[in-house]
2 protein chains.
Amino acid sequence: MRITTWTEYSLIISIHLAKRGRRGASPVAARELAEVERLPADYVEQILLRLRRAGIVESVRGAKGGYFLAREPGLITVRDVMAASEHQTFEMNCDTHPVDADRCSPSSACAIRPVWQGLQRRIDDFLGSVPLTELLRDEPGPELVPLTSSPASS
Amino acid sequence: MRITTWTEYSLIISIHLAKRGRRGASPVAARELAEVERLPADYVEQILLRLRRAGIVESVRGAKGGYFLAREPGLITVRDVMAASEHQTFEMNCDTHPVDADRCSPSSACAIRPVWQGLQRRIDDFLGSVPLTELLRDEPGPELVPLTSSPASS
DNA sequence: CGCACCCCGACAAGACTGGTCGGAATTCCA
DNA sequence: TGGAATTCCGACCAGTCTTGTCGGGGTGCG
Ligand code: FES
Ligand code: FES
């Protein structure tokens, strides 16, 4: 289970846009953003496309155009960004990749499904609790304290 | 972000073994297990290999041989099974797929990394809190209540 | 008009997932 | 002693997903 570059780059891009001005200032060109963040330009464009379609950013076309955040950074969470770039945060495999039509049908009482549902909830709750503003400062912030040690149960 | 069949099948297999007797009883052959659970036989063998190497199950070789759980089902968590079948629960992408050597180096204070560390902790804590015994009964159990509604923050 | 920029679908190399196969080693049993 | 059953293990392979790239079209500024 891992995070892909879609989400990783999306966050970098969102943070970048959050640091550059708001609606009033001039929008940031995709090319320029990619250059200063050292990311592949064409790829960044693809990502911005997804972010725009999800309503995370807005765009201005034509010369002198570019992108800017659609909302206040405090109102955008990591969950929003991840859901925009991939198309979900946690894919319920029993829905999208059912191991067996019988076993995974909603009617059958599979004992495993509640585990994934519980996991999905924890993931969504956590990612939904981290707004972009949390990623703008240098100090980790209270929500993200490492809380040292959580060793394996074996 | 999703669960693969490695973990899914591993859980099915572990639950199956938990339901069949303990050390005293005769071990379960991989072939037989695969047949009753309707899983690809050769694949099940691969998975049992991983589970054995991780110490989740033990095996008896030769005719009449097979597999059985190495520990009490109450002492094996979903996290253990997942870590055995994949080789982790949550892959820290900034370690294994660093976006940029500079940006992801442990010395640089990246604002995003604490988010993934926090996420990893939540995932591990949750999966580590669900023992196999929780998956043997028909009722979901207190830990896994759906807690209806957790709508998007947008 | 020409340039800068966004928009969008198609394509492609490499990695990963989900298995399959062939054969060696071990143990039981007739 | 000779199968037969079974675990052990690495190699292989087809399909999908990831991580981009490319080419062209639309749009607005100067
Ligand atoms: S295996 Fe898919 S719902 Fe349980
Ligand atoms: S992008 Fe890898 S550590 Fe932040």
Side-chain angles (χ1 to χ4, degrees), chain A residues 1-13 17 26-35 37-68 70 82 85-88 91 93-94 96-100, chain B residues 1-13 17 26-35 37-68 70 82 85-88 91 93-94 96-100:
Chain A
M1 206 161 56
R2 60 178 276 252
I3 301 294
T4 71
T5 53
W6 282 106
T7 297
E8 186 82 36
Y9 290 2
S10 291
L11 276 178
I12 293 173
I13 290 168
L17 290 179
S26 64
V28 183
R31 190 58 164 285
E32 182 200 342
L33 197 162
E35 237 159 60
E37 296 291 355
R38 304 275 209 75
L39 300 178
D42 288 323
Y43 199 17
V44 165
E45 227 173 317
Q46 297 300 316
I47 292 170
L48 280 164
L49 201 61
R50 292 198 186 185
L51 292 181
R52 182 180 58 81
R53 285 179 175 148
I56 305 285
V57 306
E58 290 178 17
S59 64
V60 178
R61 303 189 59 168
K64 290 282 181 181
Y67 298 88
F68 55 90
M82 184 165 177
S85 58
E86 307 192 14
H87 148 77
Q88 72 240 320
E91 182 174 335
N93 57 316
C94 286
T96 58
H97 299 268
V99 41
D100 185 325
Chain B
M1 206 163 54
R2 60 179 276 253
I3 299 295
T4 70
T5 53
W6 283 105
T7 297
E8 186 83 36
Y9 291 2
S10 290
L11 275 179
I12 294 174
I13 290 169
L17 290 180
S26 63
V28 183
R31 188 59 163 283
E32 182 200 342
L33 197 164
E35 237 158 60
E37 295 291 354
R38 303 275 210 77
L39 300 179
D42 288 323
Y43 200 17
V44 166
E45 227 173 316
Q46 297 300 315
I47 292 170
L48 280 165
L49 200 60
R50 292 197 186 187
L51 292 181
R52 182 179 60 79
R53 285 176 176 152
I56 306 286
V57 307
E58 289 178 16
S59 65
V60 177
R61 304 190 60 170
K64 289 284 181 179
Y67 297 87
F68 56 90
M82 184 165 177
S85 58
E86 308 190 11
H87 149 78
Q88 73 243 318
E91 182 174 336
N93 57 317
C94 286
T96 59
H97 298 269
V99 42
D100 185 324

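Everything numeric here is computed off the predicted structure, so don't read it as measured data. By convention in this document, chain letters (A, B, ...) are assigned in the order of the sequence lines, proteins followed by strands, and residues within each chain are numbered from 1.
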*Between atom NE2 in H87(B) and atom P in dT17(C), what is the gap in whole Å?*
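Nearest whole value for this atom pair: 12 Å.
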*asked:* Using only modelled atom types and a 3.5 angstrom limit, is any donor from either the side chain of E8(B) or the base of dG18(C) paired with an acceptor on the other?
replied: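 Side chain to base: no pair below 3.5 Å.
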_Less than 4.0 angstrom between a side-chain N/O of R52(B) and OP1 or OP2 of dC8(D), yes or no?_
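Checking dC8(D) against R52(B), a side-chain N or O does come within under 4.0 Å of OP1 or OP2.
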*Estimate the overall bend of the helix from dC1(C)-dG30(D) to dA30(C)-dT1(D) from the end axes over five pairs each, rounded to 10 degrees.*
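What I find for the helix from dC1(C)-dG30(D) to dA30(C)-dT1(D) is an axis angle of 0°.
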*Looking only at side-chain N and O atoms, does T4(B) come under 4.0 Å of OP1 or OP2 in dC16(C)?*
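So the side chain of T4(B) is outside the cut-off, no N or O lying under 4.0 Å from OP1 or OP2 of dC16(C).
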*Rounding to a whole Å, what distance do you find between D42(A):CG and dT18(D):P?*
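My rounded result for the distance is 20 Å.
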*asked:* In this structure, how many angstroms lie between the C1' atom of dT17(C) and the CD1 atom of I3(B), rounded?
replied: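 Those two atoms, CD1 and C1', are 14 Å apart.
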_M82(B) CE - dT17(C) P separation (whole Å)_ =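 Whole-Å distance recorded here is 11 Å.
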*Looking at S59(A), does any N or O in its side chain come under 4.0 Å of the phosphate oxygens OP1/OP2 on dC5(C)?*
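No, outside the criterion.
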*asked:* Over all strands shown, is V99(A) touching base, sugar-phosphate only, or nothing at heavy-atom distances under 4.0 angstrom?
replied: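 Answer is nothing: V99(A) stays at 4.0 Å or more from every strand.
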*asked:* Rounding to an integer number of Å, can you tell me how far E58(B) CD sits from dT6(D) C1'?
replied: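 Going from CD in E58(B) over to C1' in dT6(D) covers 17 Å.
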*Atom CZ of R2(B) to atom C1' of dC16(C): distance rounded to whole Å?*
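Checked: the CZ to C1' distance equals 10 Å.
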*Would you say dC7(C) has OP1 or OP2 under 4.0 Å from some side-chain N or O of Y67(A)?*
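Yes, Y67(A) has a side-chain N/O under 4.0 Å of OP1/OP2 on dC7(C).
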*With respect to the phosphate group of dA4(C), does any side-chain polar atom (N or O) of R61(A) fall under 4.0 Å of OP1 or OP2?*
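So the side chain of R61(A) is outside the cut-off, no N or O lying under 4.0 Å from OP1 or OP2 of dA4(C).
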_Base dC7(C) to side chain E45(A), donor-acceptor N/O within 3.5 Å cut-off_ =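 Counting by modelled atom types and ignoring angles, a donor-acceptor contact under 3.5 Å is found here.
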